Amino acid sequence: RQGNREALGKLLDLYAAVLRRTAASQLPGRVQGRVGASDVVQETYLDAHRDFDRFYGATEQEFLAWLHGILQHNIHGAIRDQLVTQKRAAQR
(Lines give C-alpha, C1' and ligand atoms only; values in the text may rest on other atoms or scores of the structure.)
Protein backbone atom coordinates (compact mmCIF):
# COMPACT_ATOMS: atom_id res chain seq x y z
CA ARG A 1 0.00 0.00 0.00
CA GLN A 2 3.00 2.28 0.40
CA GLY A 3 3.75 2.35 -3.31
CA ASN A 4 6.24 -0.52 -3.56
CA ARG A 5 5.36 -1.93 -7.00
CA GLU A 6 7.89 -4.75 -6.66
CA ALA A 7 6.12 -5.96 -3.50
CA LEU A 8 2.79 -5.81 -5.33
CA GLY A 9 4.29 -7.89 -8.15
CA LYS A 10 5.42 -10.53 -5.67
CA LEU A 11 1.98 -10.55 -4.07
CA LEU A 12 0.30 -11.03 -7.44
CA ASP A 13 2.69 -13.87 -8.28
CA LEU A 14 1.33 -15.79 -5.29
CA TYR A 15 -2.03 -16.02 -7.06
CA ALA A 16 -0.79 -16.73 -10.60
CA ALA A 17 -1.69 -20.42 -10.66
CA VAL A 18 -5.16 -19.87 -9.22
CA LEU A 19 -5.92 -17.08 -11.68
CA ARG A 20 -4.59 -19.08 -14.64
CA ARG A 21 -6.72 -22.12 -13.71
CA THR A 22 -9.79 -19.92 -13.35
CA ALA A 23 -9.19 -18.24 -16.70
CA ALA A 24 -8.52 -21.56 -18.46
CA SER A 25 -11.71 -23.07 -17.10
CA GLN A 26 -13.85 -20.10 -18.13
CA LEU A 27 -12.47 -19.29 -21.58
CA PRO A 28 -14.33 -21.24 -24.26
CA GLY A 29 -12.15 -23.45 -26.45
CA ARG A 30 -12.66 -21.32 -29.55
CA VAL A 31 -11.46 -18.25 -27.64
CA GLN A 32 -8.47 -20.08 -26.11
CA GLY A 33 -7.19 -20.65 -29.65
CA ARG A 34 -6.67 -16.90 -29.95
CA VAL A 35 -6.32 -15.70 -26.36
CA GLY A 36 -4.62 -17.84 -23.74
CA ALA A 37 -5.37 -17.93 -20.05
CA SER A 38 -1.91 -16.49 -19.38
CA ASP A 39 -2.74 -13.50 -21.60
CA VAL A 40 -5.87 -12.76 -19.58
CA VAL A 41 -3.97 -13.14 -16.30
CA GLN A 42 -1.24 -10.79 -17.57
CA GLU A 43 -3.89 -8.20 -18.43
CA THR A 44 -5.34 -8.69 -14.95
CA TYR A 45 -1.90 -8.01 -13.43
CA LEU A 46 -1.56 -4.81 -15.44
CA ASP A 47 -5.02 -3.66 -14.34
CA ALA A 48 -4.27 -4.53 -10.71
CA HIS A 49 -1.02 -2.54 -10.81
CA ARG A 50 -2.79 0.42 -12.37
CA ASP A 51 -5.78 0.35 -10.03
CA PHE A 52 -4.23 -0.85 -6.77
CA ASP A 53 -4.95 2.48 -5.12
CA ARG A 54 -8.67 1.64 -5.57
CA PHE A 55 -8.40 -1.54 -3.49
CA TYR A 56 -9.75 -0.79 -0.04
CA GLY A 57 -9.85 -4.27 1.45
CA ALA A 58 -7.77 -5.43 4.38
CA THR A 59 -7.70 -9.23 4.13
CA GLU A 60 -6.31 -11.83 1.79
CA GLN A 61 -9.85 -12.95 0.93
CA GLU A 62 -10.80 -9.40 -0.05
CA PHE A 63 -7.67 -9.05 -2.17
CA LEU A 64 -8.34 -12.33 -3.93
CA ALA A 65 -11.99 -11.36 -4.51
CA TRP A 66 -10.81 -8.04 -5.98
CA LEU A 67 -8.38 -9.87 -8.30
CA HIS A 68 -11.10 -12.31 -9.35
CA GLY A 69 -13.38 -9.38 -10.18
CA ILE A 70 -10.72 -7.92 -12.46
CA LEU A 71 -10.09 -11.35 -13.97
CA GLN A 72 -13.80 -11.89 -14.65
CA HIS A 73 -14.00 -8.52 -16.37
CA ASN A 74 -11.02 -9.43 -18.56
CA ILE A 75 -12.38 -12.90 -19.37
CA HIS A 76 -15.70 -11.41 -20.48
CA GLY A 77 -13.83 -8.80 -22.50
CA ALA A 78 -11.74 -11.45 -24.27
CA ILE A 79 -14.85 -13.46 -25.12
CA ARG A 80 -16.70 -10.37 -26.34
CA ASP A 81 -13.75 -9.23 -28.45
CA GLN A 82 -13.43 -12.65 -30.10
CA LEU A 83 -17.16 -12.84 -30.84
CA VAL A 84 -17.05 -9.38 -32.45
CA THR A 85 -14.00 -10.42 -34.48
CA GLN A 86 -15.79 -13.57 -35.64
CA LYS A 87 -18.89 -11.58 -36.61
CA ARG A 88 -16.82 -9.16 -38.66
CA ALA A 89 -15.09 -12.06 -40.42
CA ALA A 90 -18.45 -13.72 -41.21
CA GLN A 91 -19.90 -10.49 -42.59
CA ARG A 92 -17.01 -10.02 -45.01
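Quick caveat, the model's predicted, so the values are computed rather than measured. Just the heavy atoms: all of them, side chains too, but no hydrogens, waters or symmetry mates, feed the values below.
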Legend entry - Single-linkage hydrophobic cluster, 4.5 Å side-chain cutoff, Leu12 and Val18 together: no
Inset, instruction - Check the hydrophobic clustering (I, L, V, M, F, W, Y; side-chain heavy atoms under 4.5 Å; chains of links allowed) and say if Leu14 and Leu64 are grouped together. - result: yes
Mind listing the side-chain donor-acceptor pairs of residues 69-76 below 3.5 Å, one per line with the distance, residues two or more places apart or on another chain?
unit_1: Gln72; atom_1: NE2; unit_2: Gln26; atom_2: OE1; d: 2.8
unit_1: Asn74; atom_1: ND2; unit_2: Thr44; atom_2: OG1; d: 3.0
unit_1: Asn74; atom_1: ND2; unit_2: Asp47; atom_2: OD2; d: 3.1
unit_1: Asn74; atom_1: ND2; unit_2: Ile70; atom_2: O; d: 3.4

Legend entry - Sequence neighbours excluded - salt bridge (charged side-chain N to carboxylate O under 4.0 Å, His left out) pairs with any residue from residues 54-72: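 Non-adjacent pairs meeting salt bridge (charged side-chain N to carboxylate O under 4.0 Å, His left out): Asp51-Arg54.
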Legend entry - Qualifying salt bridge (charged side-chain N to carboxylate O under 4.0 Å, His left out) pairs, either residue in residues 13-26, two or more places apart: none
Legend entry - Pairs touching residues 26-51 that satisfy ring-ring contact (aromatic ring centres under 6.0 Å, His included), sequence neighbours left out: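 Not a single pair qualifies under ring-ring contact (aromatic ring centres under 6.0 Å, His included).
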Inset, instruction - Just grab all the ring-ring contact (aromatic ring centres under 6.0 Å, His included) pairs involving residues 17-37, residues at least two apart or on different chains. - result: none
Inset, instruction - Flag the pair Leu19 / Thr22 as yes when at least one side-chain heavy-atom distance between them is below 4.5 Å, and no otherwise. - result: no
Inset, instruction - Heavy atoms only: give me the nearest Ala37-Ala23 pair and the separation to one decimal. - result: CB-CB, 3.8 Å
Legend entry - Residue pair Leu8 / Ala48: nearest heavy atoms and the distance that separates them: CD2-O, 4.3 Å
Inset, instruction - Just jot down the ring pair (Phe, Tyr, Trp, His ring centres under 6.0 Å) partners of Phe63, sequence neighbours excluded, or say none. - result: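 Residues passing ring pair (Phe, Tyr, Trp, His ring centres under 6.0 Å) with Phe63: Tyr15, Phe55, Trp66.
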Inset, instruction - To the nearest 0.5 Å, tell me how far Leu11 CG sits from Leu67 CG. - result: 7.5 Å
